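Shown next, in structure tokens, is the structure this report addresses.
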Amino acid sequence: MSNVELIREFGHERVAFFTNEKAGLRCIIAIHNTNLGPALGGCRLYPYASYDDALFDVLRLSRGMSFKNAAAGLPLGGGKGVIIADPSQRTEALMEAYGEAVESLQGKYYTAEDVNTDTRDVDYMMRKTKYVVGRKEISGDPSPFTAIGVFEGIKATAKILNGTDDLNGVTVAVQGLGKVGYDVAKYLSEAGANVKACVHSNRKAMEKAANELGVTEVREKDIFSTECDILAPCALGAVVNDFTLPQLKCRAIAGGANNVLLNDECGVELKKKGIVYAPDFIINGGGVINAGQEAFTTYDKENVLKQVRNIYNTVYNILEESQKTGEPEGVIAQRFAEDRIKNGL
């Protein structure tokens with residue numbers, strides 16, 4: 001399927017390309033749906049091989065944000081921004097130019113940090129636009145809240161598997177030890193889980209996790225074939241695909257990455273294999289619950305934490321319905337989100 005066909009199938013409202021030669025900006029902002037409110041989604045900076053690759057990613061990510069925001073009960077639509085650049089090329093001028101692009105959309109899209117961007121970049125964006133959330137003086141870095149929600153979702157998944165959400169002795173393989181993945185590994189270790197993990201290049205995080213948390217390292221290429229109860233993808237998306245599906249030796253998949261499944265067919269295959277799947281846009285919604293409050297109300301951390309911990313119940317209810325009906329978990333989760341988008345929260 002071509003990217004143009006994806007735009008048509010997903011029903012995006014607007015897809016905009018921006019360039020600023022002086023600042024080195026090449027970016028795409030995709031607004032998927034604004035039925036519930038202005039679109040919200042972070043800014044991902046990544047060295048995509050081509051515009052086609054970047055477009056494919058931003059289309060999937062922005063649609064996922066519509067589902068994530070709706071499922072989390074936020075009066076916000078879904079959008080996403082991607083900057084085509086190597087992280088070493090990140091400069092104040094680049095982020096300011098991106099802020100100008102966001103401002104030109106006149107409040108239809110609120111941005112925030114994401115992969116390879118942080119609260120410092122949010123400050124640079126704010127020099128050019130007010131349509132930014134995740135400001136360090138208000139809600140701050142969203143990743144700790146994402147990690148809390150993922151941990152709650154993993155507990156709910158364990159309850160489906162074992163009849164209890166006690167993680168003592170449960171083996172969890174974490175793919176990626178970035179800001180979210182490391183905290184997830186920490187919470188799991190503190191809960192008594194047997195944690196395995198791999199990293200792509202972050203050796204310092206792996207060594208710290210091994211020394212301080214007792215995490216066992218797995219080679220990156222072996223993470224999908226590692227025997228475990230729960231596989232927790234916490235890096236980039238599309239990691240469950242035709243190549244990795246035959247390798248899986250887990251009982252469930254529940255992690256912090258976006259768009260874990262390459263396509264809907266992968267969810268069907270997981271169901272056939274008897275592998276439980278906690279839909280990514282449900283389980284990793286903690287960060288957007290935290291940052292999203294800035295866009296529509298006064299920020300209240302205690303209220304945020306209450307909503308983030310409720311991810312446990314949402315995940316459990318979806319997995320339980322899947323167990324009863326035989327429908328793939330992703331189908332149930334998407335229907336839940338689409339109903340809210342169509343009919344209101």
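Note that the coordinates shown come from a computational prediction; the quantities given were computed from them, not determined experimentally.
Considering only heavy atoms from C-beta on, Ser322 stays 4.5 Å or farther from Leu319 through its side chain. Side-chain contact between Leu262 and Asp242 is absent, with no heavy atoms from C-beta onward closer than 4.5 Å. Contact check for Val132 versus Tyr110: no side-chain heavy atoms found under the 4.5 Å cut-off. Proximity of His12 to Ile31: side-chain heavy atoms (C-beta onward) are nowhere separated by under 4.5 Å. Taking the side chain as every heavy atom from C-beta outward, Lys155 and Lys159 never approach each other to under 4.5 Å. Put simply, the side chain of Ile253 does not reach to within 4.5 Å of the side chain of Val276, judged on heavy atoms.
In this structure, Ser62 contributes its side chain and Gly79 its backbone to no donor-acceptor pair below 3.5 Å. A side-chain donor-acceptor contact under 3.5 Å links Tyr109 to the backbone of Gly81. Not a single donor-acceptor pair under 3.5 Å links the side chain of Thr297 to the backbone N or O of Gln293. Checking side-chain atoms of His32 against main-chain N and O of Phe10 turns up a donor-acceptor pair under 3.5 Å. At distances below 3.5 Å, at least one donor-acceptor pair connects side-chain atoms of Asp280 with backbone N or O atoms of Val260. Between the Ser189 side chain and the Leu213 main chain, a donor and an acceptor come within less than 3.5 Å of each other.
Enclosure of atom OH in Tyr46 is not indicated, since only 12 or fewer non-hydrogen atoms of other residues, nucleotides or ligands lie within 6.0 angstrom. Within a 6.0 Å sphere centred on CZ of Arg135, heavy atoms belonging to other residues, nucleotides or ligands number more than 12. Within 6.0 Å of CD in Glu21 there are 12 or fewer heavy atoms belonging to other residues, nucleotides or ligands.
Side-chain contact of Thr171 with Asn194: a donor-acceptor pair under 3.5 Å is present, judged by distance alone. Side-chain contact annotation: Tyr48 with Asp57, donor-acceptor N/O pair under 3.5 Å present. Using modelled atom types, one finds no donor on one side chain facing an acceptor on the other under 3.5 Å when comparing Asp52 with Ser50. Donor-acceptor pairing under 3.5 Å is recorded for the side chains of Glu294 and Ser139. Between Thr164 and Asn162, the side chains place no donor N or O within less than 3.5 Å of an acceptor N or O (distance only, hydrogens not considered). Between Thr34 and Glu13, the side chains place a donor N or O and an acceptor N or O closer than 3.5 Å (distance only, hydrogens not considered). In this model, no donor atom of one side chain and acceptor atom of the other lie less than 3.5 Å apart for Tyr316 and Asp165. With hydrogens and angles left out, the side-chain atoms of Thr129 and Glu103 include a donor and acceptor closer than 3.5 Å. A donor atom on one side chain and an acceptor atom on the other are not found under 3.5 Å apart for Asn313 and Glu152. Side-chain polar atoms of Tyr299 and Asn290 form a donor-acceptor pair below 3.5 angstrom. Remark: the Asn284 side chain and the Lys68 side chain contain an N/O donor-acceptor pair separated by less than 3.5 Å.
Using cut-offs of 30° and 60° for the angle between ring planes, the Phe67 and Phe281 rings count as tilted. Taking the six-membered ring where the residue is Trp, Tyr51 and Phe17 present tilted rings, their angle falling between 30° and 60°.
Cation-pi geometry between Lys271 and Tyr277 is not met: the NZ or CZ atom fails to fall both under 6.0 Å from the ring centre and inside 45° of the normal. Phe18 does not carry Arg26 over the face of its six-membered ring by the limits of under 6.0 Å from the centre and within 45° of the normal.
The line from CD of Gln175 to CG of Leu236 is 8.5 Å long, rounded to the nearest 0.5 Å. Rounding to the nearest 0.5 angstrom, the gap separating the CG atom in Leu345 from the CG atom in Leu74 is 8.0 Å. Rounding to the nearest 0.5 Å gives a distance of 8.0 Å between CD1 of Ile230 and CZ of Arg251. The CG atom of Leu61 sits 9.0 Å away from the CG atom of Leu59 when rounded to the nearest 0.5 Å. Atom CD of Gln307 and atom CG of Asn310 lie 8.0 Å apart (nearest 0.5 Å). The line from CG of Asn259 to CZ of Arg60 is 4.0 Å long, rounded to the nearest 0.5 Å.
Test Lys128, Arg44, Lys136, Arg90 against Asp121 for salt bridge (charged side-chain N to carboxylate O under 4.0 Å, His left out) and you get one pass: Arg90. Screening Val199, Val218, Val239 against Ile223 for a side chain to side chain contact (heavy atoms under 4.5 Å, CB included) leaves a single residue, Val218.
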Checklist entry - Yes or no on side-chain contact (heavy atoms from CB on, under 4.5 Å) for Val184 and Val195, after CA distance, side-chain angles and deciding distance? => result CA-CA 10 Å; Val184 170; Val195 184; over 6 Å; no
Checklist entry - Given Ile160 and Gln323, is the side-chain contact (heavy atoms from CB on, under 4.5 Å) satisfied, shown in steps? => result CA-CA 9 Å; Ile160 290 291; Gln323 296 284 299; 4.0 Å; yes
Checklist entry - Step by step, would you call Leu177 with Val174 a side-chain contact (heavy atoms from CB on, under 4.5 Å)? => result CA-CA 7 Å; Leu177 291 175; Val174 180; 4.3 Å; yes
Checklist entry - Could you walk me through whether Glu113 and Lys179 pass the salt bridge (charged side-chain N to carboxylate O under 4.0 Å, His left out) check? => result CA-CA 12 Å; Glu113 67 172 83; Lys179 290 187 290 186; 3.0 Å; yes
Next on the checklist: Run Tyr98 and Thr111 through side-chain hydrogen bond (donor to acceptor under 3.5 Å, both in side chains) and show every step you take.
Outcome noted: CA-CA 10 Å; Tyr98 173 75; Thr111 195; 2.8 Å; yes
Checklist entry - Could you walk me through whether Met95 and Thr117 pass the side-chain contact (heavy atoms from CB on, under 4.5 Å) check? => result CA-CA 9 Å; Met95 304 317 298; Thr117 58; 4.0 Å; yes
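Taking every heavy atom of both residues into account, Asn241 and Cys266 meet most closely at CA-SG, 3.8 Å. Across all non-hydrogen atoms, the minimal contact from Cys43 to Asp114 is O-CB, 3.1 Å. Between Gly286 and Ile311, the shortest heavy-atom distance links the atoms N-CD1, 3.6 Å. The two atoms that bring Val122 and Ala112 nearest to each other are CG2-C, 4.4 Å, heavy atoms only. Closest approach of Ala278 to Ala254, counting heavy atoms only: CB-CB, 3.7 Å. Residues Thr157 and Ala252 share a closest heavy-atom pair of CG2-CB, 3.5 Å.
Ion pairing between Lys249 and Asp222 fails under the 4.0 Å rule for side-chain N and carboxylate O. We find that Glu5 and Arg8 are not joined by a salt bridge, their nearest charged nitrogen and carboxylate oxygen being 4.0 Å or further apart. Ion pairing between Arg335 and Glu321 holds under the 4.0 Å rule for side-chain N and carboxylate O. Of the charged side-chain nitrogens involved, at least one lies within less than 4.0 Å of a carboxylate oxygen, so that Glu217 and Arg203 count as a salt-bridged pair. With respect to Lys273 and Glu269, no salt bridge is recorded, no charged nitrogen being found less than 4.0 Å from a carboxylate O. With salt bridges taken as basic N to acidic carboxylate O contacts below 4.0 Å, one links Glu92 and Arg127.
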